[in-house]
Amino acid sequence: MNLSELEIGEKGIISKIELEGMMKRRILDLGFIKGTKVECVLKSPLKDLKAYLIRGSVFALRKEEAEKIEIRVNHYA
Amino acid sequence: MHKYKIALAGNPNVGKSTVFNALTGLHQHTGNWPGKTVENAVGSFFYHDNEYTIYDLPGTYSLLSHSEEEEIARNFLCFEKPELVIVVCDATSLERNLSFVLQVKEIHSNVLVCVNLLDEAKKKKIEINLSKLSELLNTPVVGISARKKEGFDELLNTIESLCLTPNEEYFELSYGKEIEYAVSIIENEWNQYYDKYKRSHYFCLQLLDDTELKHTIYEKYPIPNIEKAVQKAKGYLFLKKIDWKEIIAEQFIKNSEMISKEVITYKKGNIFEKEKKLDQILTSKKYGFPIMILLLILIFWITIEFANIPSNLLFSFFQILGEYLSKSLSFLPRWLHELLFSGIYKTLTWVVSVMLPPMAIFFPLFTLLEDFGYLPRIAFNLDYYFQKCKACGKQALTMCMGFGCNAVGVTGARIIDSKRERLMAIITNVFVPCNGRFPTIVALITMFFVGFSNDFFSSIYSTFLLCIVILLGVFLTFFISFILSKTVLKGIPSSFTLELPHYRSPQYKKVLIRSILDRTLFVLGRAVVVAIPAGLIIWLFANFKIGNNSLLIHVSNFIDPFGKLIGLDGIILLSFLLGFPANEIVFPIMIMAYMQTGSIAEFSDLSMLKELLIKNGWTSITAVCTILFCLVHFPCSTTLLTIKKETGSFKWTMLSFLIPTLCGVLLCFITSSFLRLFS
């Protein structure tokens, strides 16, 4: 499952980042690294953009990028 | 007396500018969204006889990536050798900020961590153990609430003591056996040429990591075989199947996570839940857009409803003052007297009475929204449209800045990483009416389409019309961005990340006082600098006769046919041309010019102004076209200079001039031809 599939209120743990180059660096810098808890908190009124709560901050990512971040969903958490 | 050099660093939107202002007494504009400090400010202050110069570095999330802003910050820290680095952190998202602190602490030992927004954190029920933080980071930590000016005594004392006796300890991160071995391969080469400089380990790590810093390092520390050593180190890690770039970036995050766990306590009922709910309403499918438009309408309505009263008061005041001054200066020669009063005084007071009140109302209101943190939500809502135009969602933020001043909007486009998308934002910024054009549009709408009765419905009606004008500007922004992306700025939309910062309670009093004062002074200053010479030129134009007619008539007659063709007239066009230095003066120049040629000499309010315009052949079609041309024409000289500076290219500056001008001419031509069919 990837990050873009999370709906508002759903949580997951990042398992793999398949982005490349500069975008990967930027995403890592913001704290999106393996093992991090993320929660989808917002969905744009139009398509394609969702915002995620990660390490106490909220960042919006377009679908294209979020699709390249693999997550695990822990149903017990 | 000693002089100390201090760097002020931090993530975007953590209140760096507020700290900078509080320390140096300068007034940078601050707001609640990432990337606000666009020009790097420098300021200094004295404390106990020593002079401290503060360099405000661009706000960045990291020192590892490749953006221009990060390079500026990193190069400053590495090579300018500041005595002290103050890293400002946001207490409400401390964990993210800490990884930046660790990156700085790896470069520079003498770091002062300044945890800002403690008041907001307290409201959000977040507790931070500052002494524990200081212990774990191996560096002094001071907690402040910059906006309330709390904690500055301690901050100043700590700055002083760290400058006098610097902290020599770095924060050493461990990247693991393999990476350290790889770094040592490079370090061996380094040590043959340079003394074991205490930061050589860091520089070698940067060479391995391939950051932009490597070019500067190669330049400043030339070593013949260093690139070979770097290749060897990389090869070693490659064989071991180690993704060193990911590991290096992760180390900072992991360490800050560990530290955060020990120092941050989220108490029960923290406000994040409430914030989430508010955000979900503000960006929901059902309410997101309606709320955005309602807020826009509300701000415009307040501006229109309340601008008339001070405007009329100012008119009467200046009239009385003018009569008094004119009498007491009646000993002057007639031509000089005329020039001073009909020329300069009138233009100047016009700018102030018509332009100032709407600015003084609109600007603070907009700043409150900005302070609260609403603007990034607008960018979030609108991103889809920008994406469809192959542009960046952050362009919405630069458009918002454009409402204040297009030159600021152009500089603000630096928050957009991709060059292609940044150019789109720069070229289209002028479609947002700035503070200098906004009052002209409001005045014309009031005069020609709503009337002067001060009832509730007429102000609602004006607001409605104004919104249509603004939305037209927004539509043009999308349209031209789209056209650009299909022609000269082809490309795919780059990836982007947008932070939605935590809401902050706006500082009503400060925003009101500052933006009214700053705006008032700014407009008055510009009026003096630009309106006086413009008034002078107009007066000379009007009084310098060639044959039977004045030069003004000659020039305006010459361009009149073209003006008429697009629904304007010669004087209007001439005013836009003469108003090139500043949009505030376009309308006053127009009035001045009409007065020189026409009949009415004195005004006390807008209704008499309308009479003057009508006597000079204005119809509602002229008004519509003037409004349109005011919205869509070439940027003012300041904005163009800024565009030249930002793009460094004559071509893009020319395009930024030509595109809106052509759009405006076409738009006015089509509209006037169409409207004439029906009248």
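The sequence lines fix the lettering, A, B, ..., with proteins before strands; numbering per chain opens at 1.
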B:Q251 and B:I179, any side-chain heavy atoms less than 4.5 Å apart: no
Please tell me if the side chains of A:E18 and A:N2 come closer than 4.5 Å, counting only heavy atoms from C-beta onward. no
I want to check a possible cation-pi pair here: B:R377 against B:F372, using under 6.0 Å from ring centre and within 45° of the ring axis as the test. no
Choice from [options] maximising heavy atom contacts with chain A below 4.5 Å:
options: B:T497, B:I253, B:L382, B:D90; result: B:I253
options: B:F380, B:Y384, B:Y385, B:Y287; result: B:F380
options: B:G393, B:S99, B:G288, B:A249; result: B:A249

Whether over 12 other heavy atoms sit under 6.0 Å from A:K24 NZ: yes
Where does [X] contact chain B at under 4.5 Å (heavy atoms): side chain, backbone, both or neither?
X: A:L19; value: neither
X: A:K34; value: both
X: A:I8; value: side chain

Check this for me: does any side-chain nitrogen of one of A:R25 and B:D209 sit under 4.0 Å from a carboxylate oxygen of the other? yes
May I ask you to say whether B:E421 pairs ionically with B:K394, meaning some side-chain N is under 4.0 Å from a carboxylate O? no
Chain A contact via [X] - which portion, at a heavy-atom distance below 4.5 Å:
X: B:S284; answer: backbone
X: B:T92; answer: backbone
X: B:N97; answer: neither
X: B:F252; answer: neither

Checking an interface table here. Which of residues 62-69 of chain A come within a heavy-atom distance under 4.5 Å of chain B? A:R62, A:E64, A:E65
Under the salt bridge (charged side-chain N to carboxylate O under 4.0 Å, His left out) test, residues paired with B:K286 that sit two or more places apart: none
Give the ring-plane orientation class for B:F478 versus B:F386, where under 30° counts as parallel, over 60° as perpendicular and anything between as tilted. tilted
Counting heavy-atom pairs under 4.5 Å to chain B, which of A:L61, A:I27, A:V41 comes out on top? A:V41
So, using side-chain hydrogen bond (donor to acceptor under 3.5 Å, both in side chains) as the criterion, who are the partners of A:T36 when residues are at least two apart? A:R55
I'd like to know whether the aromatic ring centres of B:Y61 and A:F59 sit less than 6.0 Å apart in this structure. yes
Who passes side chain to side chain contact (heavy atoms under 4.5 Å, CB included) against B:A91, sequence neighbours left out? B:V115, B:L118, B:A121, B:I128
